[in-house]
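Below, each value reflects all heavy atoms present in this structure, side chains not excepted, and no hydrogens, waters or symmetry copies. Quick caveat, the model's predicted, so the values are computed rather than measured.
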Amino acid sequence: MKKYIDQGKQDTRSGYGAGMTELGRTNPNVVALCADLVGSLKIETFIAESPERFFQVGIAEANMMGIAAGLTIGGKIPFASTFANFATGRVYDQIRQSIAYSGKNVKICASHAGLTLGEDGATHQILEDIGMMKMLPGMTVINPCDFNQTKAATIAIAEHQGPVYLRFGRPKVANFTPADQKFEIGKALQLTEGTDVTIIATGHLVWQSLLAAENLENQGISAEIINIHTIKPLDDRAILDSVKKTGCVVTAEEHNYLGGLGESVARVLSQHHPAPQEFIATQDTFGESGTPEQLMDKYGLNNKAIEAAVLRVMKRK
């Protein structure tokens, strides 16, 4: 099995900031909007270098989405950023009516998603945002796994025509993908080859899946890891090719199992190749206050939980 190396822990929100810095230097149509969270979104360099292309909206997220939609009419490419909870749940009506319905070229960039927001607790730990956004017609949904991939995704979505939801997180996590990677929207990445089980993961759970695969290899179990950075449009072919070979699948995500990646994978399998599946995700519950590590352990979103799910699903083949 190919070994992936942690190049040094970095937060994915800083990957977004690095991507915005590069876009500020290379794409004059990119503009940034923020809802009073500049430091948390790591876009200080973009603002310092291109102050005339930044709009501080304040704590008025619904207004931010309306402004972003309007900016597209003049040919601008607005990146509207705030915490994931405020970028979706608080402003869903504005996104649906002003952005998705008319296919506006707005990039909704959502930090601090999932349980790993940590100590801020359940009111801020949104676990249903992927489901909300993937159900909007025409919305592209992207959930990268580390700093490098988040930077690459940020740059890539500027070239994509249409609304995008880009989801990333707060804590420092393993940075293990290539710095010079090509990010192709809608194209899954097979990280390891395996014959016994497919593990399909997104976001922070990709690294945990790689850790699980190493431990499983020591037990004589060959796991194929697929990194689904684009949840919509989903790479059906990559999923089917892998599961047809291994005969079973575990999906892993930092999101509610209702409406997330796992349900999208289950739809593909039920239509084309039914196979046993286990879901690593939160189980229709809110989170609570705690460190990211404590929460991921309690809610079963780590490599140990993935290993256990693999052993369960293989018995169902």
| field | Side-chain donor-acceptor pair present, E128, N256, cut-off under 3.5 Å | value | no

| task | Look at D241 together with K245 and state whether they make a salt bridge at an N to O cut-off of under 4.0 Å. | result | no

| message | Tell me whether the NZ or CZ atom of R90 lies within the 45° cone about the ring axis of F86 and under 6.0 Å from its centre. | response | yes

| said: For I126 versus M132, what's the shortest heavy-atom pair and its separation? | reply: CD1-SD, 4.5 Å

| field | Side-chain donor or acceptor of D6 paired with backbone N/O of A174 under 3.5 Å | value | no

| said: Just so I know, are the side chains of I77 and I157 near enough to count as touching, which here means a heavy-atom distance under 4.5 Å? | reply: no

| said: Would you call the rings of H124 and F83 parallel, tilted or perpendicular, taking 30° and 60° as the class edges? | reply: perpendicular

| query | Between T150 (side chain) and F168 (backbone), is there a donor-acceptor pair under 3.5 Å? | reply | no

| message | Treating T198 as the side-chain partner and V249 as the backbone partner, does any N or O pair qualify as donor plus acceptor under 3.5 Å? | response | no

| Are R167 and D129 close enough for a salt bridge, meaning some N to O gap below 4.0 Å? | yes

| said: I'd like to know if the side chain of S222 and the backbone of T195 have a donor-acceptor N/O pair within less than 3.5 Å. | reply: yes

| task | Say whether, by atom type as modelled, one donor and one acceptor occur between the side chain of R53 and the main chain of V30 under 3.5 angstrom. | result | yes

| Do other residues, nucleotides or ligands put more than 12 heavy atoms under 6.0 Å from I59 CD1? | no

| Mind checking whether E288 and K298 have side chains closer than 4.5 Å, heavy atoms only? | yes

| message | Can you confirm whether the side chains of T202 and N143 place a donor and an acceptor under 3.5 Å from each other? | response | yes

| query | In this structure, which one of N227, T177, T12 forms a side-chain hydrogen bond (donor to acceptor under 3.5 Å, both in side chains) with D146? | reply | T177

